[in-house]
Structures are given as structure tokens and as C-alpha cells.
Amino acid sequence: MTQQKNTQDPLNVDEALSSSEAFLLKNKNVLLGAVIAFVVVVCGYMGYKHFISEPNELKASESIFKGEQYFNGANYELALNGDSLGYAGFLKIADEFSSTKAGNLATAYAGICYAQLGKYEEATKYLNQFSADDQLVAPAVMATMGNCYAQLGQLDKAASALVKAADKANSNALSPLYLIQAGQLYEKLGKNAEAIEAYKLVKSKYANSFQAIDIDKYIERASIK
């Protein structure tokens, strides 16, 4: 199977804050990259920590290991669908071990792989099936769904997902990014009141974030439309 790689541009905060249109078009994969980091570092740890208690969990965790290697190497097709050497692929693992922590983790991986491959409908299907209640992986997955909805032209759903991601994360590092992106989507929809509300949350709740420095210009722009 052909190995596919997807190169992501590094996050340029100044550029992201300069233009809503530029942000949406040029930085659509930024949050996907953040999700990858969270899933690999955090969710992977959560997934392996307690697996040895049940044989099925142990088998599932062993099955997913090769996929994580492909995933970390940006070989998303192989990670998703498996190889000819015995690795089944995240799709099969998610289905076969759906009741396990590893199966849940494989579901998240599958959704992100689809998103990285530009298959946004498939991505949202799997990301919606993922279940987590932490303040790192869960909001990052929500934000990824938001970006996928945006790519599908479902801007209302995209903005809503991003606002929920910001609330769930409750983080100076991530929440302002999610809220600004949501606000920009609301502006594109002509929902300026909702956009202003999102921007004002950055100013009031995340006043110590980098994004809060320039947030007044977003509030002003949305207010005069």
C-alpha cells in the first residue's frame, strides 16, 4: 500500500491573528497537529496504563502499537488500513476491540488519520465515536471535528464544536485559539453577536493568553459590521 505523508506548516500566531480568511485557509491543519501531539503523548499513556488487567485489553494494546509507529511517521493510510505484515489497521482494531480502551483510542486515531487525508466526512464519523472526558485529548478531538465541519462547509456546526472545545479545554494555550477560530466562522456566517461573544471570552476569561493582546481588534471588527 502506498505510504502517504502530510506535511503541516508550523503555527504562526501573528499570521493567524492577522486575517480571518487567511487563518481559515492557511492554518486548517494546525489544530490537527495539536491533536496528534495530545493523542500520542497523553491518550497513548492513558490507554496503556491499565491494560494488563484484562487479556482483551492487552491484546488490543499490542495490536495498536504498530499503527502508532505508522501514525507518528505520518503514514496515515497504513496506520488506518493496515499492512501486509500482520498489522490490522486502526479501523479494524476500533471495530474488533470497540469495548476496550485501546479500541476507543484506535477510533480517535482513525478519525485523525481520515482528517489528515482530507476525508472529512469519514473523520467526523470516527471522531464523534471517540469518548473521553479529560481536558487535553477530548477538547482537541472536538476542535478537530470543528475543523472538519468547516472543511465540509458546515460552518455552524464547526463554530459550535470549537466553542465547546474551548470550554472543555479551559486553557490559556488552546481555548483562545479555538474561540478566535469560532468567532471568525461566526463572522463568515454573518452572526456577529455570536462572534463578539466568542472574542469577549478570550478577553475576559483568557486575559493572560497571547491572543488576548490583539483581541480588541476582532471585537471592533465584528461590532461595526
Distance from T144 atom OG1 to L162 atom CG, nearest 0.5 Å?
-> 9.5 Å
Side chains of Y120 and Q154: is there a donor and an acceptor less than 3.5 Å apart?
-> no
Validation row, ring centre Y76 to ring centre F71 under 6.0 Å | yes
Take V163 and L201 through the test side-chain contact (heavy atoms from CB on, under 4.5 Å) and record every step on the way to the result.
-> CA-CA 10 Å; V163 170; L201 269 178; 5.6 Å; no
Residues in side-chain contact (heavy atoms from CB on, under 4.5 Å) contact with Q69, at least two apart in sequence or another chain | F65, K66
Examine the side chains of N104 and Q129 and answer whether a donor and an acceptor come within less than 3.5 Å of each other.
-> no
Residues at least two apart in sequence or cross-chain that pass ring pair (Phe, Tyr, Trp, His ring centres under 6.0 Å) with Y149, listed by chain then number, are none
Can you tell me how far CG of L185 sits from CD1 of I180, rounded to the nearest 0.5 angstrom?
-> 12.0 Å
Residues in salt bridge (Lys or Arg N to Asp or Glu O under 4.0 Å) contact with D95, at least two apart in sequence or another chain = none
Partners meeting side-chain hydrogen bond (donor to acceptor under 3.5 Å, both in side chains) with D83 (sequence neighbours left out) | Y70
Counting only pairs under 3.5 Å, give me each side-chain donor-acceptor contact of residues 166-174, with atom names and distances, residues two or more places apart or in other chains.
residue, atom, partner, partner atom, Å
K168, NZ, D133, OD1, 2.5
N170, OD1, Y206, OH, 3.4
S171, OG, A173, N, 3.0
S171, OG, L174, N, 3.2

State the CD-CG distance between Q211 and L177, to the nearest 0.5 angstrom.
-> 4.5 Å
Working for side-chain contact (heavy atoms from CB on, under 4.5 Å), residues Y199 and Q184 = CA-CA 9 Å; Y199 297 145; Q184 291 165 346; 3.5 Å; yes
State which residues pass side-chain contact (heavy atoms from CB on, under 4.5 Å) with K191; sequence neighbours excluded, sorted by chain then number.
-> D156, Y186, L189, E194
For K203, the salt bridge (Lys or Arg N to Asp or Glu O under 4.0 Å) test, sequence neighbours excluded, returns D216
Would you check if there is a donor-acceptor pair between the side chains of E77 and N81 at a distance under 3.5 Å?
-> yes
E122 atom CD: more than 12 heavy-atom contacts under 6.0 Å | yes
For residues 84-94, which side-chain donor-acceptor pairs fall under 3.5 Å, sequence neighbours excluded?
residue, atom, partner, partner atom, Å
Y87, OH, A79, O, 2.6
Y87, OH, F90, N, 3.2

So SG of C113 and CG of L78: to nearest 0.5 Å the spacing works out to 10.0 Å
Value for OG1 (T124) from CE (M145), rounded to nearest 0.5 Å, stands at 8.5 Å
Would you check, one step at a time, whether the test side-chain contact (heavy atoms from CB on, under 4.5 Å) holds for I112 with L127?
-> CA-CA 7 Å; I112 298 166; L127 292 171; 4.2 Å; yes
